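Notes for the one structure printed next.
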Amino acid sequence: MSYDFKQIEKKWQDIWDETEAFKAENNSSKPKYYALVEFPYPSGQGLHVGHPRSYTALDIVARKKRLEGYNVLYPMGWDAFGLPTENYAIKAHIHPEEVTKKNIANFKRQLKMLGFSFDWSREINTTDPEYYKWTQWIFLRLFEKGLAYKKEMAVNWCTSCKCVLANEEVVNGVCERCGSEVIRKVKSQWMLKITDYAEKLLKDLDGLDFIDRVKTQQRNWIGRSTGAEVKFKTTANDELLIYTTRPDTLFGATYMVIAPEHPFIDKWNIENKDEVLAYRESAARKSDFERTEVAKEKTGVEIKGVKAINPLTGKEIPIFVSDYVLISYGTGAIMAVPAHDTRDYEFAKQFNLPIVEVVAGGNIEKEAFTDCATGTMVNSGFLNGLSVEEAKVKIKEYLHEKGIGEEKVNYKLRDWVFSRQRYWGEPIPIVHCDCCGYVPLKDSDLPLRLPKTDNFEPTDNGESPLSKLTDWVNTTCPKCGKPAKRETDTMPQWAGSSWYFLRYCDPHNKEELASKEALKYWMPVDWYNGGMEHTTLHLLYSRFWHKFLYDIGVVPTPEPYQKRTSHGMILGENGEKMSKSRGNVVNPDEIVSEYGADTMRLYEMFIGDFEKSAPWSSTSIKGCKRFLDRVEGLKYILNEESGISKDLERNINKTIKKVTYDIDNLKMNTAIAALMSLLNEIYTKGSLSKEELKVFILLLNPFAPHLTEELWQNVGFEGYLNKAEFPKYDESKCGEDTVEIVLQICGKIKARTNVSVDISSADAILLAKDLLKQELDGKNIIKEIYVPKKLVNIVAK
RNA sequence: GCGGGCGUGGUGGAAUGGCAGACACGCUAGUCUUAGGAACUAGUGGGUAACCGUGCAGGUUCAAGUCCUGUCGCCCGCACCA
């Protein structure tokens with residue numbers, strides 16, 4: 001018994017389109033609910049089976065919320081700027097705009113075929129000038145506030161993409177996207193000062209309902225640490241400023257290390273300058289990856305002719321240059337306390353430097369003792385006898401009083417490299433003028449359109465392809481009117497996605513990125529689901545932009561997303577990541593054509609714990625198809641005279657409760673299991689009433705919307721199912737009158753019996769003793785336990 | 001190295017400290033069929049049994065998959081951030 005899913009699914013998708021069934025209203029008296037999934041990058045490969053896992057889950061949430069009376073916004077759009085499209089365009093000699101158009105059409109067809117309840121009237125596209133006008137507008141606001149600045153700096157350069165990458169886009173020393181080697185290259189780049197928001201981005205995480213993994217990852221990435229900056233006098237008659245998180249160990253600082261790029265190297269009169277400069281040279285040649293490789297041995301050179309003075313011991317200590325100290329963090333210089341820092345310990349062993357224990361409790365003969373929680377200060381003058389925590393407080397006071405050091409907070413977070421030397425991105429709306437410097441375009445000149453050209457291939461000199469378009473590049477200064485040149489770098493892929501959720505609130509607004517009223521009504525996003533891979537990229541960037549927009553009064557909330565969840569990956573049948581090269585890719589088109597959209601949706605939800613990865617199974621999916629076939633069959637066993645079964649009534653109420661709870665908690669797999677159980681019970685009973693069927697259809701609707709709409713109509717219910725009301729359960733009807741309990745002796749099950757749910761503890765135990773009379777014969781009862789509705793346990797010897 | 005998570009049948013996976021294996025897949029047998037890669041029915045952790053079973057070894061508890069300690073394995077995050 002198999003229903004005609006092809007005909008049914010097409011029919012309902014058309015009806016939903018015609019009736020604008022899922023249109024969100026900006027003026028509604030209903031409570032709002034904003035459900036969001038990450039809009040896809042429309043790649044040439046088309047939809048991956050991973051996309052619908054996220055989209056289906058929030059589609060279920062959105063559909064349920066609508067049935068519960070909410071005005072739901074569940075939008076979709078296209079994050080369409082980016083490298084893969086551009087690379088494909090170059091290879092195939094088709095303009096990226098054409099490629100994008102084609103890919104979007106394909107994606108849209110695939111999303112429609114899966115029956116998602118997106119409000120397509122709000123569809124957006126980051127490559128649409130009407131959209132990126134506002135991306136550029138936000139950039140200009142950042143520029144005005146000094147948060148966008150240009151900087152000559154060493155950047156990550158992908159040798160294959162011929163493009164700058166953000167730190168977040170470099171994974172294990174290679175390009176996140178293409179896997180090619182990433183080298184350092186000094187270039188002048190647009191930067192966004194995300195570091196100004198480090199503290200807010202960190203602190204405001206506390207109030208958000210994000211899954212822990214996401215919060216932890218963002219906290220790690222921001223990397224806040226508290227410590228102190230301390231000045232060390234040197235024999236060169238100046239002061240070397242260092243940062244440390246362990247000022248308590250200052251007495252144990254037996255040498256100093258500065259980064260190879262430290263400016264003092266040029267300033268100091270160094271006896272072995274050649275050697276030091278050679279070391280700097282060799283460090284510069286290494287890639288970031290090589291430099292930070294942990295496994296490698298520490299290298300370094302002692303700076304001869306200059307010594308530092310430990311401000312507490314007054315002793316002269318040597319200064320080394322070593323690449324284990326990074327110029328980009330803290331002050332680019334450290335005090336080395338080998339007894340209590342693993343890296344310093346390693347270095348000291350290698351260079352035979354003294355190791356002085358200042359915290360007792362470890363064994364510094366063997367290894368550095370880095371524990372802050374235990375241990376007592378020794379060899380530390382006025383700190384002796386204190387705990388580490390006490391010493392930290394006292395030494396900070398001391399440093400402050402003596403004017404040699406101050407408490408200091410540092411972050412690992414770096415500013416965001418915002419320039420890309422590529423064609424397929426938003427042009428940066430800045431003009432370079434010899435007289436006026438960097439001049440922003442006027443708002444009225446936005447959007448600055450990406451010039452049409454067939455000459456969009458990357459250049460060999462690392463300049464943007466736009467630099468070849470001299471007609472476009474040469475312009476006049478908006479300020480002084482003299483000849484000037486346009487910025488030719490474009491924005492990174494992450495620009496358009498940093499604010500897209502705002503545009504959905506009011507997507508056709510020509511005056512503002514979205515109206516105040518619309519933003520006030522819809523924001524924040526109530527539930528946002530997306531991939532873990534975006535935690536330190538898109539998710540952090542968009543929180544940054546949003547906080548900025550909040551500060552300048554454009555958006556009404558300090559945070560964009562109230563709740564963030566993340567789906568696990570769908571792996572290939574062999575348990576490996578799906579990829580063309582592994583040949584284990586599952587094509588959604590084929591699945592839908594063979595089993596239908598409802599089965600595909602249901603299976604992706606039933607596959608396992610939503611947050612964990614799970615392998616695809618081409619046999620398991622059949623179970624979901626079978627289930628839907630049996631659901632369709634319910635209409636044949638409909639019988640008004642079937643009479644009310646108390647058991648079924650109870651199970652229906654319990655299932656409503658479970659499905660409601662499970663959808664709210666993203667436990668779609670057990671919600672479906674509960675519906676399967678209920679269906680099994682209905683078939684065991686052999687018939688059901690129209691009212692019972694109604695509840696079942698409503699509960700299943702968010703999961704399998706096409707089949708349930710069809711059944712709704714077949715059976716003769718009024719109107720459309722998507723306008724109906726989600727069932728409520730009656731707590732008093734969830735409970736049983738009698739319940740089977742387990743009778744145990746010493747925790748081992750000996751018997752089972754049915755008892756009334758409100759049997760007293762004493763009666764239950766009496767009953768148990770009676771039933772277990774033989775087993776208990778001659779034994780000494782020590783303890784009797786009754787757990788209501790569960791068990792009686794009698795402890796006897 | 002540090003931080004976090006997870007180890008449950010042949011498989012995917014269920015289990016507010018209280019009946020381990022819900023729900024599926026697969027498998028076995030049967031029914032119907034010219035046929036079955038369809039549908040339906042029954043069975044399905046191991047063991048003949050008493051019993052034994054949630055990676056392994058301990059512990060707490062009347063009671064442990066669940067809590068604690070140690071250990072092994074896998075996965076994820078960070079990774080010379082001072």
Side-chain angles (χ1 to χ4, degrees), chain A residues 1-2 172 212-214 216-225 227-228 242-247 249 253 256-257 259 291-296 298 322-326 328-337 340-344 346-347 367 370 410-414 532 535-536 568 571 573 575 602-603 606-609 611-624 626-627 629-630 633 658 667 669-680 683 740-749 751-752 781-796:
Chain A
M1 196 174 18
S2 180
N172 292 332
D212 286 339
R213 282 191 296 165
V214 170
T216 309
Q217 239 171 282
Q218 290 209 346
R219 286 195 187 108
N220 278 343
W221 192 259
I222 294 166
R224 183 185 200 270
S225 74
I242 62 102
Y243 172 72
T244 178
T245 53
R246 295 291 305 275
T249 62
M256 317 279 294
V257 187
R291 262 185 79 158
T292 56
E293 187 114 55
V294 184
K296 81 165 194 222
K298 300 247 178 310
S322 171
D323 63 4
Y324 84 90
V325 171
L326 310 172
S328 55
Y329 185 78
T331 61
I334 62 157
M335 66 173 196
V337 185
H340 306 290
D341 182 283
T342 321
R343 298 148 298 178
D344 298 346
E346 234 177 86
F347 191 85
E367 59 187 358
T370 56
N410 259 327
Y411 302 91
K412 286 198 238 176
L413 187 69
R414 296 279 84 94
M532 278 309 288
T535 301
T536 55
L571 305 170
E573 210 137 14
L602 201 69
Y603 175 60
F606 190 61
I607 196 165
D609 185 327
E611 298 205 357
K612 294 199 190 115
S613 58
W616 184 269
S617 163
S618 53
T619 52
S620 267
I621 190 171
K622 291 180 182 162
C624 292
R626 231 168 260 163
F627 168 71
D629 284 340
R630 276 156 58 87
K658 176 136 187 76
K667 297 189 179 298
N669 53 338
T670 49
I672 294 167
L675 287 166
M676 286 173 166
S677 283
L678 181 58
L679 185 75
N680 290 342
Y683 270 104
E740 191 185 65
I741 62 164
V742 175
L743 308 180
Q744 300 178 326
I745 294 175
C746 292
K748 294 219 185 298
I749 297 155
R752 293 155 202 279
I781 294 174
I782 298 165
K783 199 165 181 176
E784 297 154 339
I785 294 131
Y786 171 60
V787 181
K789 297 189 215 176
K790 300 278 187 194
L791 54 76
V792 174
N793 188 13
I794 294 169
V795 187

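All figures in this text were calculated on a predicted structure; none of them were measured in a lab.
The side-chain contact (heavy atoms from CB on, under 4.5 Å) with Val792(A) is formed by just one residue from the set Val742(A), Leu743(A), Val787(A); it is Leu743(A).
For the atom pair OG of Ser322(A) and CG of Asp344(A), the computed distance is 9.5 Å after rounding to the nearest 0.5 Å. Going from atom CD1 of Ile794(A) over to atom CD1 of Ile781(A) covers 5.5 Å, rounded to the nearest 0.5 Å. Atom-to-atom distance recorded for Ile749(A):CD1 and Asn793(A):CG is 10.0 Å, nearest 0.5 angstrom. If you take CG on Asn410(A) and OH on Tyr329(A), they are separated by 4.5 Å, rounding to the nearest 0.5 Å. Met335(A) contributes atom CE, which lies 3.5 Å from atom OG1 of Thr244(A) (distance to the nearest 0.5 angstrom). Atom CZ of Arg213(A) and atom CE of Met532(A) lie 4.5 Å apart (nearest 0.5 Å).
Below the 3.5 angstrom threshold, one finds no donor paired with an acceptor across the side chain of Asn220(A) and the base of C78(B). On a pure distance criterion of 3.5 Å, a polar donor-acceptor pair joins the side chain of Lys298(A) and the base of C80(B).
The CG-C1' distance, from Asp341(A) to G1(B), rounds to 12 Å in whole Å. Regarding Gln218(A), its CD atom lies at a distance of 15 Å from the P atom of G77(B), rounded to whole Å. The interatomic distance linking Arg752(A) (CZ) with C19(B) (C1') rounds to 5 Å, in whole Å. Note: CE (Met532(A)) to C1' (G77(B)) measures 8 Å, nearest angstrom. C6(B) atom C1' lies 13 Å from atom CD of Glu611(A), rounded to whole Å. When the P atom of A63(B) is taken as reference, atom CD1 of Ile782(A) falls 11 Å away, rounded to whole Å. Arg219(A) has its CZ atom 19 Å from the C1' atom of A79(B), to the nearest Å. If you measure from atom NZ of Lys667(A) to atom P of A14(B), you get 8 Å, rounded to the nearest angstrom.
Set against C78(B), A63(B), C80(B), the side chain of Asp323(A) has C80(B) as its closest nucleotide. Among the nucleotides C62(B), A15(B), A82(B), the one closest to any side-chain atom of Thr245(A) is A82(B). Between A82(B), G18(B), A79(B), one nucleotide has an atom nearer to the side chain of Gln744(A) than all others, and that is G18(B). Nearest to the side-chain atoms of Leu326(A) among the listed nucleotides A14(B), C62(B), A82(B) stands A82(B).
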May I have the step-by-step check of side chain to side chain contact (heavy atoms under 4.5 Å, CB included) for Tyr324(A) and Glu346(A), ending in yes or no?
CA-CA 11 Å; Tyr324(A) 84 90; Glu346(A) 234 177 86; over 6 Å; no
Kindly indicate, with the supporting measurements, whether the criterion side chain to side chain contact (heavy atoms under 4.5 Å, CB included) is fulfilled by Thr342(A) and Glu367(A).
CA-CA 7 Å; Thr342(A) 321; Glu367(A) 59 187 358; over 6 Å; no
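A15(B) and G21(B) have their P atoms separated by 13 Å, with the value rounded to a whole Å. Taking atom P on both nucleotides, U60(B) is separated from C75(B) by 34 Å, rounded to a whole Å. Between G70(B) and C23(B), the two P atoms lie 38 Å apart (nearest whole Å). Nucleotides C62(B) and U11(B), compared at atom P, are 36 Å apart to the nearest Å. For the C1' atoms, the distance from G45(B) to U54(B) is 11 Å, rounded to whole Å. Across U44(B) and G10(B), the matching C1' atoms stand 11 Å from one another, rounded to whole Å. Spacing of P atoms, A64(B) relative to A20(B), comes out at 11 Å, to the nearest Å. The P atoms of G5(B) and G9(B) are separated by 22 Å, rounded to the nearest whole Å.
Counting heavy atoms from C-beta on, the side chains of Glu573(A) and Ser617(A) come closer than 4.5 Å. Between Met256(A) and Ile242(A) the shortest side-chain heavy-atom distance falls below 4.5 Å. Looking at heavy atoms from C-beta onward, Leu675(A) lies in side-chain contact with Phe627(A) at the 4.5 angstrom threshold.
Between the Arg630(A) side chain and the Tyr683(A) main chain, no donor and acceptor come within less than 3.5 Å of each other. Between the side chain of Gln217(A) and the backbone N or O of Thr536(A), no donor-acceptor pair lies under 3.5 Å.
For G9(B), the O4'-C1' to base torsion is within 90° of 0; the nucleotide is therefore syn.
If you check every strand for non-hydrogen atoms under 4.0 Å, Asp609(A) touches sugar and phosphate atoms only. Across all strands shown, Asn669(A) has heavy atoms under 4.0 Å from sugar-phosphate atoms exclusively, and none from any base. Within 4.0 Å (heavy atoms only), Val787(A) reaches at least one base atom of the nucleic acid. Looking at heavy-atom distances under 4.0 Å, Ile749(A) makes contact with sugar-phosphate atoms alone, never a base. As judged by a 4.0 angstrom heavy-atom cut-off over every strand, Thr342(A) is placed among residues making no nucleic acid contact. If you check every strand for non-hydrogen atoms under 4.0 Å, Thr535(A) touches nothing. Residue-level contact check: Leu791(A) touches the bases, meaning some heavy atom is under 4.0 Å from a base atom. Residue Thr216(A) is out of contact with every strand shown, counting any heavy-atom pair closer than 4.0 Å.
For Lys658(A) and Gln217(A), each mapped to the nucleotide of RNA chain B holding its nearest heavy atom, the one lying further toward the 5' end belongs to Lys658(A). Residue whose closest nucleotide on RNA chain B sits further toward the 5' end, between Val325(A) and Val742(A): Val742(A).
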Can you give one letter per nucleotide of nucleotides 23-34 of chain B, 5' to 3': B if a protein heavy atom sits under 4.0 Å from the base, S if only from the sugar-phosphate, - if neither?
BSSS--------
Reading nucleotides 47-52 of chain B from the 5' end, what letters show protein touch, with B for base, S for backbone sugar-phosphate only, - for no heavy atom under 4.0 Å?
------
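Under the 30°/60° scheme for interplanar angles, the aromatic rings of Trp616(A) and Tyr603(A) are found to stand perpendicular.
Distances shorter than 4.0 Å separate some side-chain N or O of Tyr329(A) from OP1 or OP2 on A82(B). Residue Lys783(A) places at least one side-chain N or O under 4.0 Å from the OP1 or OP2 atom of C62(B).
Annotated stems with RNA chain B as a participant read B:1-7 with B:72-78, B:10-12 with B:23-25, B:26-31 with B:39-44, B:55-59 with B:67-71, given as range with range, by first number; only runs of 3 or more Watson-Crick or G-U pairs under 3.5 Å qualify.
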